[in-house]
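Working notes, structure below.
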Amino acid sequence: MALRFYNTLTLRVEEFQPARDLTVRMYTCGPTVYDYAHIGNFRTFTFFDILRRVLRDRGFRLDHVMNITDVDDKIIRNATAQGKSLEEYTRVYTEAFLEDCKALRLERPEHLVRATEHIPEMVAAIRALSGKQYTYESEGSTYYRIASFPEYGKLSHNDFTGIKAGARVEVDTYDKNDARDFALWKAPKEGEPFWETEIGKGRPGWHIECSVMAMKYLGETLDIHGGGVDLIFPHHENEIAQSEALTGRPFARFWLHSEFLLVEGQRMGKSLGNYYTLRDLLSRGYQPETIRYLLASVPYRKALNFTFDGLKSAATAIERLRNFRLRLQTDAYPEGMNEKLRERTRSAERDFVASLEDDLNTAEALAAVFEYVRDMNTAMDSGEFRAGNAGPALDLLAHFDSIFEVLEPSAAAAGLSDEEVEKLIAERNRARRERNFARSDEIRQELLNQGIILEDTREGARWKRKLS
RNA sequence: GGCGCGGUAGCCAAGUUGGUAAGGCAGAGGUCUGCAAAACCUCCAUCACCGGUUCGAAUCCGGUCCGCGCCUCCA
């Protein structure tokens with residue numbers, strides 16, 4: 001089977017192929033760095049990450065651009081209030097964002113680009129649009145005239161032909177001819193930072209940066225453009241209007257959007273007290289891979305209900321996989337190869353891949369892995385498992401982890417060192433040989449208090465660190 | 001109101017070209033173990049509701065109810 005994605009443009013699942021060669025040209029909307037990113041943001045960024053990994057797993061090369069919006073009204077407001085320059089203000093959150101991504105094991109796109117580093121390109125694009133009569137000026141700002149782009153609404157599937165100029169209450173403080181028109185270039189208000197350019201003093205509107213940076217690095221037509229569902233309108237609709245007006249060509253072939261994240265069944269909001277940044281969760285002791293697992297386990301097109309129960313459940317699920325891997329690595333099996341089990345490994349791998357190819361059905365992909373794990377554990381218990389089956393099984397786990405990446409523990413928090421653990425285990429082994437079970441259990445409990453779990457097996461005691 | 005997405009076991013959630021419901025977590029009972037842990041086994045849903053099509057529907061059609069998102073900044 002081939003890769004298929006649900007395309008917002010057509011509202012259908014379609015087979016995916018890059019337009020040219022095997023390189024996927026992809027643009028995804030990144031963060032606006034005015035604050036720490038929250039888990040809702042990371043739901044979307046985790047989706048991008050899974051998308052990247054699956055594309056590569058299916059043999060494609062990636063040319064992926066993600067923007068960092070480091071100039072917008074909120075940033076200006078906050079920076080001004082703190083008496084900082086834009087650069088000074090956004091640097092903190094940009095770095096925090098990159099750290100968070102790293103913690104969540106999100107791959108870095110080939111191009112991570114900042115809006116403020118592309119002002120000249122944006123100005124050139126706006127001038128080109130003006131040359132084609134798509135714009136008008138008002139009080140020093142430049143607007144895009146939507147009436148001149150008949151296809152407006154094709155992504156959000158809205159029909160705007162009935163909307164009349166002035167029909168809506170003016171909510172923006174800028175003067176526009178039509179409520180749907182949007183700013184390409186905003187004139188500075190008193191005291192606001194600005195760029196001095198050929199189209200006047202000011203700063204870029206939000207939408208133009210994505211059009212410009214996407215096309216600069218990837219060409220006129222992208223294979224994939226991604227973002228959260230809330231960006232479909234107006235952001236992505238406006239990107240299409242700008243880009244296609246400029247080039248006369250389709251801006252993106254596939255539009256992929258991730259659904260919202262809810263917290264305990266409710267929309268996350270600061271006023272509701274259920275607003276969490278990644279940092280909030282980490283400081284509560286949850287491991288990054290636990291969060292990553294939870295975010296990745298629900299297919300991206302379904303709203304994800306983020307709960308603390310869910311985190312606990314995710315941690316336990318990961319432990320099940322880690323236990324299996326530990327067992328593969330530490331238990332001894334009879335020599336040889338069980339061909340039936342070998343074939344079972346192949347079928348699990350096929351199911352795993354087929355699920356991901358089906359519009360990134362991560363839930364089904366996980367099911368394929370867990371079913372496989374159960375079958376292999378059963379085979380181990382019954383003695384059918386052979387030493388030769390361990391390699392393929394570990395390979396399958398590695399394949400799984402090349403997409404989900406949750407098997408390796410994050411840097412251990414402070415606690416006992418490996419050596420200290422081994423020392424205590426040796427002492428416990430002596431106690432057990434002497435059948436001093438009281439002392440033996442005492443040591444086990446002591447270790448457990450330190451987050452170390454002991455398991456006695458035929459090959460002796462093995463241990464692991466508990467995951468939260 | 002328009003556009004879009006949903007309503008499957010206690011929780012999360014897969015399955016919609018129709019054929020008698022994946023998986024994870026939690027729970028109950030077993031096996032194994034010095035005791036545990038891990039692992040395995042067994043048990044735990046008729047798919048929001050109503051009607052229709054069909055030999056047969058969670059899956060198709062019609063209707064109803066409910067939830068969420070976008071329609072103004074927002075992943």
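Lettering follows sequence order; numbering is per chain, from 1.
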Any side-chain N or O of [X] under 4.0 Å from OP1/OP2 of [N]?
X         : N      : value
Asn158(A) : C70(B) : no
Lys302(A) : A14(B) : yes
Arg439(A) : G34(B) : no

Name the nucleic acid region contacted by [X], choosing base, sugar-phosphate or nothing; use a 4.0 angstrom heavy-atom cut-off, strictly under.
X         : result
Ser258(A) : nothing
Ser440(A) : base
Phe370(A) : sugar-phosphate
Tyr6(A)   : sugar-phosphate
Ile453(A) : sugar-phosphate
Pro299(A) : sugar-phosphate

5′-ward residue of the pair Lys312(A)/Leu454(A) relative to RNA chain B: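 The residue whose closest nucleotide sits nearer the 5' end is Lys312(A).
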
Comparing Tyr293(A) with Gly265(A), nearest RNA chain B nucleotide closer to 5' gives the residue Tyr293(A)

Could you let me know what [N] is paired to, Watson-Crick or G-U wobble, both distances under 3.5 Å, or none if it's on its own?
N      : result
C5(B)  : G67(B)
C47(B) : none
A22(B) : none
A13(B) : none

Rounded to the nearest angstrom, tell me the gap between atom [atom1] in [X] and atom [atom2] in [N].
X         : N      : atom1 : atom2 : value
Glu364(A) : A22(B) : CD    : P     : 12 Å
Lys74(A)  : A75(B) : NZ    : C1'   : 11 Å
Leu9(A)   : G4(B)  : CG    : P     : 13 Å

Check RNA chain B against residues 39-54 of chain A and give the residues with a non-hydrogen atom under 4.0 Å, in numerical order. Gly40(A), Asn41(A), Thr44(A)

More than 12 heavy atoms of other residues, nucleotides or ligands under 6.0 Å from CZ of Arg108(A): yes or no?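 Open.
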
Between Arg43(A) and Phe306(A), is NZ or CZ placed under 6.0 angstrom from the six-membered ring centre and within 45° of the ring axis?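 Judged by the rule, Arg43(A) and Phe306(A) form no cation-pi pair.
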
Sticking with atom P, work out how far G52(B) lies from G24(B), rounded to a whole angstrom.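 Looking at atom P only, G52(B) and G24(B) are 38 Å apart.
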
Between A75(B) and G6(B) - P atom distance, rounded Å: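 Straight-line distance between the two P atoms is 23 Å.
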
Aromatic contact, [X] with [Y] (centres under 6.0 Å):
X         : Y         : answer
Phe308(A) : Tyr276(A) : yes
Tyr144(A) : Tyr152(A) : no
Tyr93(A)  : Tyr36(A)  : yes

Scan side-chain atoms only and decide if Asn274(A) and Glu264(A) contain a donor-acceptor pair under the 3.5 Å cut-off.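 No, no side-chain donor-acceptor pair sits under 3.5 Å.
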
Is there a side-chain hydrogen bond (donor to acceptor under 3.5 Å, both in side chains) between Gln242(A) and Asn238(A)? Walk through the geometry before answering. CA-CA 6 Å; Gln242(A) 296 164 341; Asn238(A) 291 352; over 6 Å; no

At under 4.0 Å between heavy atoms, which parts of nucleotides 38-47 of chain B does protein reach? Answer with one letter per nucleotide, 5' to 3': B base, S sugar-phosphate only, - none. SBSS------

Give a yes or no on whether a donor-acceptor pair under 3.5 Å exists between the nucleobase atoms of [N], that is its base, and the side chain of [X].
X         : N      : result
Arg444(A) : C35(B) : yes
Asp159(A) : C3(B)  : no
Asp441(A) : G34(B) : yes

Any donor-acceptor pair under 3.5 Å linking the side chain of Glu459(A) with the backbone of Asp331(A)? no

Once you measure the plane-to-plane angle for Phe352(A) and His399(A), does it fall in the parallel (<30°), tilted (30-60°) or perpendicular (>60°) bin? perpendicular

